[in-house]
Amino acid sequence: MNSVNRKLWKYNGGLHLEDHKTCSNQMESRELPMPKRLTIPMQQHIGEAAHPIVKVGDKVLKGEMIAESSARVSAPIHAPTSGTIVEIAPMPMPHPAALDAVTIILESDGLDQWCELHPIENYRHVSSDELRDRIRDAGIVGLGGAGFPSYIKLDPGQHFAIETLILNGAECEPYITCDDRLMRERPEAILDGARIMRHALHAKRCIIAIEDNKPEAFAALERAQSQSGQADIELVLVPTLYPTGGERQLIKVLTGKEVPSQGRTLDIGIISHNVTTAATIADAVIDGIPLINRMITVTGESITTPQNIRAPIGAPIEALLDFAGRENGVETQLVMGGPMMGISLNSASLPVIKTSNCFMLQPKQPTVPESPCIRCGECAVVCPAELLPQQLYWHSRAREFEKVQDYNLFDCIECGCCSYVCPSNIPLVHYYRFAKTEVWAQEREKEAANIARMRHEHRQARQEKAELEKQERMRKKKAALKDKEKGGTDDAAKKAAIKAAMDRAKAKREANQNPEAAAPTDVPSQEAAATETQPATIPESTSKSES
Amino acid sequence: MKSLISSPYTHGDSSLQQVMLQVVFALIPAIGIHFWFFGWGIITNILLATLFCLGFEAIVMWLRRRPIQTTLFDGSALVTAVLLAITIPPLSPWWLILVGSLAAIVFAKQIYGGLGFNPFNPAMIGFVVLLISFPKEMTQWVAPIANGEQGIGLMQSLQIVFGSTGLDALTGATPLDALKTGIRMGGEVSGVMAATPIYGQFAGFGWESVNLAILAGGLWMLWRKTIRWHVPVAMLGSLAAISTLFYLIDPSRYADPIFHLLGGGAILGAFFIATDPVSGATSTKGRIIFGIGIGLFTYIIRSWGGYPDGVAFGILLMNMAAPMIDYYTQPKVFGQKG
């Protein structure tokens with residue numbers, strides 16, 4: 001099937017950017033020589049960090065699981081090569097806030113020796129659950145950059161019927177070409193991955209969408225599909241427009257449907273995955289190979305030969321930069337991801353992680369000062385989420401976080417189109433990230449306050465219950481006592497003893513009550529004295545504060 | 001700058017200065033035509049207004065301890081100066097322009113916090129302050145130079161501006177003003193127009209050419225996407241609609257729509273002033289409502305109000321309504337339409 005006469009839809013806004021793709025997509029991808037040391041953070045995905053299941057000094061084989069997690073939203077991590085665990089400690093990782101994560105350092109033994117792999121002979125004879133388990137155990141997460149555990153997106157539950165599986169090969173960010181190269185070099189793996197996912201989801205149809213600035217990738221997939229003898233996957237060329245690779249935007253372009261705001265794609269019967277994720281899933285299912293390496297674009301004006309490199313997870317970024325060649329002499333800026341949505345890294349010694357699709361090394365840009373917003377509205381013209389970025393900015397800046405939410409802050413996909421066109425050079429997305437973080441922090445605080453309140457209420461209820469139980473016990477005891485009295489037992493001596501004791505207690509109580517009775521008469525006079533003295537002290541203190 | 005630590009790391013080639021300068025460039029043809037018909041007055045107006053506006057801007061920035069240079073050269077004060085200069089009668093005395101610039105830059109713009117924070121269009125505030133305070137000076141226009149006539153020379157112009165020569169003999173009323181006075185005195189539209197030599201082909205000799213040049217500049221800005229179509233189309237559309245309606249009801253008392261579109265400040269207001277994004281509505285639907293409102297107010301004030309032209313008042317009135325319009329015209333965001 002091809003896309004020539006297919007109807008496509010449009011979303012609001014978007015940008016025609018210079019794509020800078022040909023600088024890196026002309027060359028066959030190359031394999032990075034295995035580095036001596038691999039630095040493997042436990043947090044390479046959205047969700048819970050994985051926990052190391054190896055100790056310092058352990059020998060591991062290539063592909064062996066070295067960290068896992070019991071949390072649903074998490075992903076295990078595997079050894080990218082054979083060697084020895086030499087250190088487990090918190091270390092900086094590639095993250096916008098340069099956060100630390102527990103990290104395993106693996107020293108390669110140079111043998112690159114595989115552990116035993118368990119291929120699945122024919123995935124069609126295997127249940128969805130088993131496929132999902134395999135994909136989870138292979139540590140596969142969204143490789144387009146999001147890093148969400150893939151198996152969850154293959155588990156729609158019983159309430160959702162999946163109409164369409166979309167494989168996203170749009171790759172709309174400028175400079176990045178790793179999906180492009182992978183589609184050209186391993187189209188069969190992508191098609192296999194698509195079929196496996198479709199089988200797991202019972203999806204009625206499957207579309208692979210590619211922006212029309214990648215005709216070679218499209219042709220490669222077309223060729224692979226015709227060689228496979230199956231025409232079960234629809235290959236669609238979509239117009240090149242940033243951010244068509246955004247999940248919601250691509251779904252709109254392909255189906256005309258809009259994913260509900262704050263909703264999920266499966267609410268409208270659609271699941272989408274990245275093409276590189278598909279190829280990795282094919283490897284995991286057909287060959288039993290977990291996610292231990294990936295294709296990475298190394299590009300930018302400060303790279304001598306921009307290209308795509310297959311590198312193990314944990315390889316130092318500088319090894320990739322040096323492999324592609326660095327221009328000397330200029331101060332540079334390193335970005336992971338593309339120029340529109342990437343994160344800037346302050347060190348090239350950080351490691352490659354599962355979501356590293358691109359490293360871009362650019363000469364440092366001169367700083368341009370931010371001017372006032374003139375509300376020209378160009379940001380709203382280009383906003384693919386149809387927001388009013390100028391209003392979001394206005395209220396974020398004023399820290400009016402409720403108003404910001406009224407203007408649908410959380411529908412912002414942070415694509416950066418607004419900042420790109422802003423004549424006043426305002427880093428708008430930065431303001432939205434700030435506002436989102438603040439709202440989250442406020443929500444956490446509210447949550448904490450709620451928990452505290454609930455605990456207090458529970459405690460009160462507990463105390464009340466205990467009190468009631470105590471009273472109930474007393475009542476029962478008294479009743480039992482009365483019953484005994486009524487019963488008229490013969491031991492009068494005992495009775496007399498009790499009466500004597502009660503009398504003693506009564507006398508004691510009366511003796512105690514007298515001073516208590518005297519006290520209340522004292523109290524008002526004390527209060528009166530206090531109120532009398534107060535007016536005298538107040539002018540004193542005010543005069544002090546005045547002086 | 002923050003964008004170094006947060007994406008995107010790339011930026012388009014638009015800048016504030018460029019946007020502002022494009023507005024000024026778009027006015028050049030109109031200034032040329034104005035010069036052709038009305039002589040040196042427009043040039044002295046622009047030079048003086050630029051000097052005063054930039055001067056006031058610099059003084060306020062100095063008082064506020066803000067960077068003077070970046071603000072001065074962002075072009076916003078220049079745009080205000082040129083727009084104010086075009087609305088003030090040519091060969092106006094220097095002090096008139098000084099007062100107008102003070103009102104525009106200091107009171108309408110900087111007191112609210114400077115560019116981006118002013119609720120009203122500064123040039124229009126400057127203009128209206130002058131119109132209300134100095135009605136005589138503000139409604140006397142130099143008569144256009146007819147074919148073959150000799151205009152007022154540069155030296156004489158300077159003498160008029162700086163106060164050593166009287167102007168009275170050379171001036172007359174604007175077409176809108178003359179029409180209003182004529183009708184009030186019991187005349188009919190066609191009669192008034194025929195009796196006074198200031199009316200040209202459709203709206204006023206000289207005026208209509210200047211307005212066509214302003215229109216050309218406005219269309220150029222639309223093509224360059226310096227402005228968007230919503231406000232000008234809505235404003236001129238509503239003005240045309242309501243003037244057509246009343247013209248059809250009683251052509252003897254109401255001027256035709258062409259006269260309304262080309263005879264006063266409607267074209268300038270629609271393309272150059274109502275499109276000021278700072279003081280206008282910002283959502284697409286909001287901009288249309290904003291433009292329609294200006295068109296209607298313009299017509300109402302022109303036809304039944306005390307002032308000959310209503311564009312400035314219409315814009316200021318709708319400036320006031322802009323925040324509310326924006327609040328009630330939020331577009332439905334992606335995924336909320338179903």
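A, B, ... follow the sequence lines: proteins, then strands. Residue 1 opens every chain.
- Highest contact tally toward chain B, considering only A/Ala380, A/Pro372, A/Ser419, A/Gly342, is held by A/Gly342 [criterion: heavy-atom pairs under 4.5 Å].
- Ranked by non-hydrogen atom pairs under 4.5 Å with chain B, the options A/Cys417, A/Gly337, A/Gly338, A/Pro260 are led by A/Pro260.
- For the atom pair OH of B/Tyr9 and CD of A/Gln362, the computed distance is 11.5 Å after rounding to the nearest 0.5 Å.
- Interface remark: A/Pro174 contributes no atoms to any contact with chain B (heavy atom separation under 4.5 Å).
- In this structure, B/Gln336 CD and A/Asn408 CG are separated by 4.5 Å, a value rounded to the nearest 0.5 Å.
- The list of salt bridge (Lys or Arg N to Asp or Glu O under 4.0 Å) pairs with a residue in residues 380-392 of chain A, not counting sequence neighbours, reads A/Glu386-B/Lys337.
- For the options A/Ile343, A/Asn346, A/Asp406, heavy-atom pairs under 4.5 Å to chain B are most numerous at A/Ile343.
- A/Arg433 and B/Ser7 make their closest contact through NH2-OG, 2.8 Å (heavy atoms, listed as atom of the first residue, atom of the second, distance).
- Looking at A/Glu18, neither its backbone nor its side chain comes within 4.5 Å of chain B, counting heavy atoms on both sides.
- To the nearest 0.5 angstrom, A/Glu414 atom CD is 7.5 Å from B/Ser6 atom OG.
- The part of A/Val335 that comes within reach of chain B is its side chain, from C-beta onward, which places non-hydrogen atoms under 4.5 angstrom from that chain.
- Proximity to chain A at a heavy-atom threshold of 4.5 Å picks out B/Gly12, B/Ser14, B/Ser15, B/Leu16, B/Val19, B/Met20 from residues 12-24 of chain B, in numerical order.
- Using a 4.5 Å cut-off between heavy atoms, A/Ile374 contacts chain B through both its backbone and its side chain.
- In this structure, the portion of A/Gln391 lying under 4.5 Å from any heavy atom of chain B is its side chain and not its backbone.
- Across B/His11 and A/Asn425, no two heavy atoms sit closer than the pair CD2-OD1, 3.6 Å.
- For the set A/Pro384, A/Ser371, A/Cys422, A/Cys373, the entry with the most heavy-atom pairs within less than 4.5 Å of chain B is A/Cys422.
- Taking CD of B/Gln330 as the reference point, atom CG of A/Leu388 lies at 6.5 Å (rounded to 0.5 Å).
- Shown here for A/Gly416 and B/Pro8, the closest heavy-atom pair between the two residues is O-CG, 3.6 Å.
- At a 4.5 Å heavy-atom cutoff, the contact between A/Cys376 and chain B is made by backbone and side-chain atoms alike.
- Atom CZ of B/Arg64 has more than 12 heavy atoms from other residues, nucleotides or ligands within 6.0 Å.
- Using a 4.5 Å cut-off between non-hydrogen atoms, the part of residues 265-296 of chain B that approaches chain A consists of B/Pro277, B/Val278, B/Gly280, B/Thr282, B/Ser283, B/Arg287.
- Rounding to the nearest 0.5 Å places NE2 of A/His20 at 7.0 Å from OG1 of B/Thr10.
- With respect to chain B, the highest number of heavy-atom pairs below 4.5 Å among A/Val381, A/Val421, A/Ile426 belongs to A/Val381.
- The distance from the CG atom of B/Asp326 to the CZ atom of A/Arg375 is 5.5 Å, given to the nearest 0.5 Å.
- The contact list for residues 105-118 of chain B toward chain A, using heavy atoms and a distance under 4.5 Å, reads B/Leu115, B/Gly116, B/Phe117 by residue number.
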